S.K.: 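Quick one: the structure is below, questions incoming.
Atom set for the values below is all heavy atoms of this structure, side chains included, hydrogens, waters and symmetry mates excluded. Since the model is a prediction, treat every value here as computed from it, not as a measurement.
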Amino acid sequence: MANPAKATLELPEFRNEPYTDFSIPANRKRMEEALAKVRAQLGREYDIVIAGERIRTAERLKSMNPARPDEIVGIHQKATPELANQAVETAHRNFVEWSRTPAGDRVRMLMKTAALIRERKYEFDAWLVYEAGKTWPEAEAEVAEAIDFCEYYAREMVRLAGPQSVVQLSGEHDEMRYLPLGVGVVIPPWNFPLAILCGMTCAALVTGNTVVIKPSSETPTVAAVFAETLLEAGFPAHSFCFLTGSGGAIGDLLVAHPKTRFISFTGSRDVGLHINELAAKPQKGQLWIKRVVAEMGGKDAIIVDLERVDGESDLDAAVEGVTVSAFGYQGQKCSACSRAIVDEGVYDRFLEKLKARTEKIRVGEPDDPANYMGPVISAGAKKSIQQYVETGKREGRVLTGGGSGPGSGHFLQPTVIADVDSSARVFQDEIFGPVLAVAKARDFDHALQMANDSQYGLTGAIYSNNAAHIARAREEFFVGNMYINRKCTGAMVGAHPFGGFNMSGTDSKAGGPDYLLLFLQAKAIAEKL
């Protein structure tokens, strides 16, 4: 039987979206123009959207620029429990119609979404600069990743649409088809408010599910602009709802609603565990076991295993990889390096080089391309990180940093805390900020033991010129994404399916060939001939 998506749609081989080179004057000028254009739109009010109906509420929430805390990025509605219930019920009613939309049509909508984001890449970059505090390169990488998710999942849906190959028994026609699940609640994080939102939402939509999008209250404006893009790309109003508001007010209701079929979540460990627990309890009238797709953070380690160093290039590469992994986007990535575990033979030289490299980092407003680090997301985040720095002063030695950055925004200095024991809080807790703990390893066994001494297991890296140690790390370094002689951030869609072990989540492998299966269920059909 013909594949309904393949019969009408042939897509070229997937290629990752190239990054814009801002050193080219024309590109820099376009980015400056986009920043000015988006700045002129700051302070606008946005609606809740339930299947095309635009709704405003009595209470509002304001999204602020973390680099300029008195500057409003967007004004959004606070959804009530009644509106949350309405969103799920509406999505449930619309599921049958949307699920029967031909897969080829859904794929075309997703390809159009990719095209629109690509066309407006500089504008999306600018929104991320103002609302999420991302520097130009960090914003650009995120927008490119959003495009990649659309392009990759479109091709995956072509592959999965129609009957799948199974063994044919004599006297029968046997097949297996994938069906959408139902209503999904998508809860993205504030640190990747476009890429992760786009990936989770588009995976659910292209597989035929209806979606209730509940963005973070820190970055709802980026989400609102993305939701409008979905409509422009042809996704019908009945295919999704856009619901802003307090997680405390509506989050549990969305998760526990008996007509919610699955929850796709990225965020903290504690919230993820709560969602998993709540979703596991069946509600009155619920017909299914809910599926939870969760990515819940990390405490990622880079092992520097350089027993012999030829010149300084190996050590310099390790210092660079640790630095950019630790302090890119202010350390606010679940993949960020927050632990460096260094062989005692090069420990002192590594610290000397790391201190010098870290002190070259320029902190300031992210709309200035000269700055490498911008602000952390909020005053609350800044306070929490500062408390960890104070703890680190007692648990180790502050090599550099430790204070606030310049200006009135939520700026912090990149901070390195050396001579840390593996039992220290700064070695064990996810700080989610520009704080790096460095520990000394007696040998490779000790380094690997410390790296695995964590409740998390998301990313990790090893810098080594010992082939036997690299081979052991492939087998024994217990993380979902491991990198050899490179940084531990920057997973690329298609090449590095992303998701981790233990308390890092359900190892969902976003951007990989297994991911869309999390939004589908298989039906086997046997017909006697």
Side-chain angles (χ1 to χ4, degrees), residues 19-20 22 27-47 60-77 116-147 188-198 213 215-229 242 244 328-333 362-382 405-412 433-434:
Y19 294 164
T20 299
F22 291 114
N27 293 341
R28 184 177 179 127
K29 184 174 185 294
R30 289 186 67 187
M31 182 62 183
E32 290 169 347
E33 290 171 347
L35 286 165
K37 180 178 179 179
V38 167
R39 173 169 286 284
Q41 300 177 59
L42 298 185
R44 287 174 51 195
E45 186 166 353
Y46 299 85
D47 300 331
R60 310 284 193 273
L61 65 87
K62 294 178 181 179
S63 166
M64 312 303 291
N65 180 348
R68 302 168 187 169
D70 59 346
E71 183 172 72
I72 299 172
V73 176
I75 301 170
H76 298 265
Q77 315 306 310
L116 288 172
I117 296 174
R118 185 180 295 112
E119 179 184 313
R120 300 166 190 167
K121 185 189 273 192
Y122 292 94
E123 289 179 38
F124 274 108
D125 284 347
W127 282 114
L128 289 167
V129 167
Y130 287 129
E131 188 169 48
K134 297 209 166 189
T135 59
W136 291 20
E138 292 288 345
E140 172 67 17
E142 177 169 355
V143 178
E145 185 177 27
I147 295 168
W190 53 260
N191 64 331
F192 285 87
L194 177 65
I196 293 180
L197 164 65
C198 178
I213 301 169
S216 167
S217 294
E218 301 284 6
T219 51
T221 312
V222 171
V225 175
F226 171 70
E228 292 299 323
T229 305
F242 179 74
T244 49
Y329 189 40
Q330 299 77 266
Q332 298 176 124
K333 302 177 183 178
R362 178 168 165 173
V363 181
E365 295 197 8
D367 56 358
D368 181 348
N371 293 323
Y372 181 79
M373 271 178 50
V376 297
I377 193 63
S378 66
K382 181 177 180 179
S408 61
H410 309 311
F411 297 105
L412 288 169

S.K.: Which heavy atom in Arg28 sits nearest to a heavy atom in Pro369, and how many Å separate them?
M.R.: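 That closest heavy-atom pairing would be NH2-CG, 3.4 Å.
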
S.K.: May I ask you to test the Phe411-Gln330 pair for a side-chain heavy-atom distance under 4.5 Å?
M.R.: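 No. Closest side-chain heavy atoms not under 4.5 Å.
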
S.K.: Could you report the tightest heavy-atom contact between Ala223 and Pro215, atom names first, then the distance?
M.R.: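 Of all heavy-atom pairs spanning Ala223 and Pro215, the closest is CB-CB, 3.5 Å.
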
S.K.: For Glu142, enumerate each residue passing the salt bridge (Lys or Arg N to Asp or Glu O under 4.0 Å) test, keeping only those at least two apart in sequence or located in another chain.
M.R.: Lys134

S.K.: Please find the pair of heavy atoms, one from Glu218 and one from Trp190, that lie closest to each other, and give the distance.
M.R.: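 Smallest heavy-atom distance, with atoms named: CB-CB, 3.7 Å.
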
S.K.: Who pairs with Ala227 by side-chain contact (heavy atoms from CB on, under 4.5 Å), at least two apart in sequence or on another chain?
M.R.: Phe240, Phe242

S.K.: What verdict does the side chain to side chain contact (heavy atoms under 4.5 Å, CB included) test give for Asn191 and Ile377, after you've listed the backbone C-alpha separation in whole Å, the side-chain angles of each residue and the deciding distance to 0.1 Å?
M.R.: CA-CA 8 Å; Asn191 64 331; Ile377 193 63; over 6 Å; no

S.K.: Do Pro188 and Pro193 come within less than 4.5 Å of each other through their side chains, counting heavy atoms only?
M.R.: no

S.K.: When you compare the side chain of Pro406 with that of Val363, does any pair of heavy atoms fall below 4.5 Å?
M.R.: yes

S.K.: Going by side-chain hydrogen bond (donor to acceptor under 3.5 Å, both in side chains), name the residues that satisfy it together with Asn65, two or more places apart in sequence or in a different chain.
M.R.: Glu71

S.K.: Applying side-chain hydrogen bond (donor to acceptor under 3.5 Å, both in side chains), can you list everything that pairs with Glu138, at least two apart in sequence or on another chain?
M.R.: Lys333

S.K.: Could you pull out all residues at least two apart from Lys29 that satisfy salt bridge (Lys or Arg N to Asp or Glu O under 4.0 Å)?
M.R.: Glu33

S.K.: Begin from the C-alpha positions of Glu123 and Val225 and carry the test side chain to side chain contact (heavy atoms under 4.5 Å, CB included) through to its verdict.
M.R.: CA-CA 10 Å; Glu123 289 179 38; Val225 175; over 6 Å; no

S.K.: Could you give the distance from SG (Cys198) to CD (Glu145), rounded to the nearest 0.5 Å?
M.R.: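 With rounding to 0.5 Å, SG (Cys198) is 9.5 Å from CD (Glu145).
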
S.K.: Going by the rule side-chain hydrogen bond (donor to acceptor under 3.5 Å, both in side chains), which residues pair with Asp125 if we only count those two or more places apart in sequence or in a different chain?
M.R.: none

S.K.: Main chain of Leu35, side chain of Tyr130: is a donor-acceptor contact present, judged purely on distance under 3.5 Å?
M.R.: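 Yes: the side chain of Tyr130 pairs with the backbone of Leu35.
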
S.K.: Tell me, please, which residues at least two apart from Pro137 pass side-chain contact (heavy atoms from CB on, under 4.5 Å).
M.R.: Thr135

S.K.: For Gly133 and Pro375, work out which heavy atoms get closest and say how close.
M.R.: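 For Gly133 and Pro375, the tightest heavy-atom pair comes out as O-CD, 3.7 Å.
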
S.K.: Can you name the closest pair of heavy atoms from Leu412 and Pro434 and give their distance?
M.R.: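 Closest approach of Leu412 to Pro434: CB-CG, 4.1 Å.
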
S.K.: Please report the closest heavy-atom contact between Ala132 and Tyr329, naming both atoms and the distance.
M.R.: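 Between these two residues, the closest heavy atoms are O-OH, 2.6 Å.
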
S.K.: Rounded to the nearest 0.5 Å, how far apart are CE of Met64 and CG of Asp70?
M.R.: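 It is 6.5 Å, given to the nearest 0.5 Å.
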
S.K.: With sequence neighbours excluded, tell me which residues meet ring-ring contact (aromatic ring centres under 6.0 Å, His included) with Phe22.
M.R.: Trp136

S.K.: How many angstroms lie between atom OG1 of Thr229 and atom CZ of Arg120, to the nearest 0.5 angstrom?
M.R.: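 Answer for the OG1-CZ pair, Thr229 versus Arg120, is 5.5 Å.
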
S.K.: Evaluate the criterion side chain to side chain contact (heavy atoms under 4.5 Å, CB included) for residue pair Lys37 and Tyr122; output intermediate values, then yes/no.
M.R.: CA-CA 10 Å; Lys37 180 178 179 179; Tyr122 292 94; over 6 Å; no

S.K.: Salt bridge (Lys or Arg N to Asp or Glu O under 4.0 Å) with Arg362: which residues, sequence neighbours excluded?
M.R.: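 Arg362: salt bridge (Lys or Arg N to Asp or Glu O under 4.0 Å) contacts with Asp368.
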
S.K.: For Thr221, enumerate each residue passing the side-chain contact (heavy atoms from CB on, under 4.5 Å) test, keeping only those at least two apart in sequence or located in another chain.
M.R.: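 Checked Thr221 against side-chain contact (heavy atoms from CB on, under 4.5 Å); matches are Tyr46, Ser63, Val73, His76, Trp127, Glu131.
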
S.K.: Under the rule for side-chain contact (heavy atoms from CB on, under 4.5 Å), what residues qualify as partners of Ile75, not counting sequence neighbours?
M.R.: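 Glu45, Arg60, Lys62, Ile72.
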
S.K.: Before giving the answer on side chain to side chain contact (heavy atoms under 4.5 Å, CB included), spell out for Met31 and Val129 the whole-Å C-alpha distance, their side-chain angles and the decisive distance to 0.1 Å.
M.R.: CA-CA 11 Å; Met31 182 62 183; Val129 167; 4.0 Å; yes

S.K.: List the residues meeting salt bridge (Lys or Arg N to Asp or Glu O under 4.0 Å) with Glu119, not counting sequence neighbours, and say none if there are none.
M.R.: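 So Glu119 forms no salt bridge (Lys or Arg N to Asp or Glu O under 4.0 Å) with any residue.
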
